[in-house]
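What follows is one structure encoded as C-alpha cells, with my remarks underneath.
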Amino acid sequence: MTNPNYPFYEPAELLDQTMLSLQELARHCATSPQWVIEHVQTGVFSYDNESSTTTVQVSSEQWRFSSQTLVRARRIAQLEHSFDADPQLAALTTDLIEEVQQLRRQLQNLQR
C-alpha cells in the first residue's frame with residue numbers, strides 16, 4: 001500500500017502549457033524565491049523560457065517554469081527538507097527516481 005505522504009511518488013497534475021513565475025514556483029514548493037534562484041544558478045534545475053537557449057540574459061523575475069520543473073523542484077525541496085540532503089545529492093536522487101519511472105513506463109509499454 002502506498003503512503004500518500006511519501007514524497008517520491010506524490011502524484012502531480014501536469015498542466016500542458018501552464019508556466020509558473022519564480023514567485024509561484026517558490027510558493028508551490030513551500031520555499032523562498034531565493035531558494036529557487038540558488039538552485040537555478042547551481043544547475044539543479046532550470047527555467048523554461050523559450051529564449052533560455054540563447055545568449056540573451058533573462059532576469060530572474062522573467063523566468064518561467066513548466067509543470068515538469070515544478071514536479072522536479074518539489075521533489076528536490078522535499079528531499080532537502082526531509083533528509084537534510086545537499087542540493088546536488090537531492091538532484092541526483094531525483095534524476096534516478098525520474099529514470100526509474102521512465103524505465104517502468106517503457107517496460108509496461110513493452111508488456112502490452
Side-chain angles (χ1 to χ4, degrees):
M1 181 171 173
T2 304
N3 180 350
N5 296 322
Y6 194 63
F8 305 125
Y9 299 104
E10 180 178 315
E13 182 178 340
L14 295 180
L15 305 173
D16 292 334
Q17 299 299 321
T18 301
M19 299 298 277
L20 303 170
S21 69
L22 170 68
Q23 301 293 330
E24 291 168 328
L25 182 68
R27 182 170 38 86
H28 287 297
C29 292
T31 63
S32 69
Q34 186 59 37
W35 180 89
V36 174
I37 291 169
E38 289 170 3
H39 284 68
V40 168
Q41 290 174 340
T42 58
V44 172
F45 54 84
S46 61
Y47 57 91
D48 300 296
N49 292 42
E50 289 180 15
S51 62
S52 65
T53 58
T54 66
T55 58
V56 177
Q57 290 287 3
V58 178
S59 75
S60 61
E61 290 304 314
Q62 295 173 319
W63 290 349
R64 295 295 174 258
F65 301 91
S66 69
S67 57
Q68 291 176 331
T69 301
L70 169 63
V71 172
R72 179 176 175 76
R74 287 182 68 191
R75 185 172 281 141
I76 290 170
Q78 185 66 39
L79 285 166
E80 288 180 15
H81 175 75
S82 296
F83 301 105
D84 196 27
D86 175 84
Q88 297 297 326
L89 179 59
L92 175 62
T93 303
T94 299
D95 289 343
L96 293 173
I97 291 168
E98 291 169 352
E99 188 165 340
V100 166
Q101 289 175 337
Q102 178 184 7
L103 290 170
R104 285 182 178 158
R105 281 191 301 273
Q106 289 175 353
L107 182 60
Q108 286 176 345
N109 288 338
L110 289 173
Q111 291 175 344
R112 290 183 187 173

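Just so you know, residue 1 is the first one in the sequence shown, and it goes up from there.
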**Request:** With sequence neighbours left out, write down each residue that passes side chain to side chain donor-acceptor pair (under 3.5 Å) with Gln23, or none if nothing qualifies.
**Result:** none

Using every non-hydrogen atom in the two residues, find where [X] and [Y] come nearest and quote the distance to one decimal.
X: Thr42; Y: Gln88; result: O-NE2, 3.6 Å
X: Ala73; Y: Leu25; result: CB-CD1, 4.2 Å
X: Val44; Y: Ala91; result: CG1-CB, 3.6 Å
X: Ala77; Y: Cys29; result: CB-O, 4.0 Å

**Message:** According to a hydrophobic-cluster definition based on side-chain heavy atoms being under 4.5 Å apart (Ile, Leu, Val, Met, Phe, Trp, Tyr only), do Val58 and Leu22 belong together?
**Reply:** yes

**Message:** If hydrophobic clusters are built by linking Ile, Leu, Val, Met, Phe, Trp and Tyr wherever their side-chain heavy atoms come under 4.5 Å apart, do Leu92 and Leu79 end up in the same one?
**Reply:** no

**Fill in**
With sequence neighbours left out, the residues meeting ring-ring contact (aromatic ring centres under 6.0 Å, His included) with Trp63 are Tyr47

**Request:** Return yes if some donor-acceptor pair links the side-chain N/O of Asp48 with the main-chain N/O of Met19 below 3.5 Å, else return no.
**Result:**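 Side chain of Asp48 to backbone of Met19, a donor-acceptor pair under 3.5 Å: no, none is there.
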
**Prompt:** Could you state the interatomic distance from CZ (Arg27) to CG (Leu20), rounded to the nearest 0.5 Å?
**Reply:**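 Here the interatomic distance stands at 8.5 Å.
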
**Separation between CZ of Phe65 and OG1 of Thr18, rounded to the nearest 0.5 Å** =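 That separation rounds to 15.0 Å.
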
**Request:** Using the test salt bridge (Lys or Arg N to Asp or Glu O under 4.0 Å), find all partners of Glu24 that sit at least two apart in sequence or belong to another chain.
**Result:** none

**Asked** What residues, two or more places apart in sequence or in another chain, satisfy side-chain contact (heavy atoms from CB on, under 4.5 Å) together with Leu107?
**Response**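 For Leu107, the residues satisfying side-chain contact (heavy atoms from CB on, under 4.5 Å) (neighbours in sequence not counted) are Gln111.
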
**Prompt:** Of all residues at least two apart in sequence or in a different chain, which pass the side-chain contact (heavy atoms from CB on, under 4.5 Å) check with Gln41?
**Reply:**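 Partners of Gln41 under the side-chain contact (heavy atoms from CB on, under 4.5 Å) test: Ile37.
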
**Item:** Name of the residue among Ile97, Thr93, Leu70 meeting side chain to side chain contact (heavy atoms under 4.5 Å, CB included) with Arg75
**Value:** Ile97

**Fill in**
Residue pairs meeting salt bridge (Lys or Arg N to Asp or Glu O under 4.0 Å), one or both in residues 80-95, sequence neighbours left out, come to Arg72-Asp95

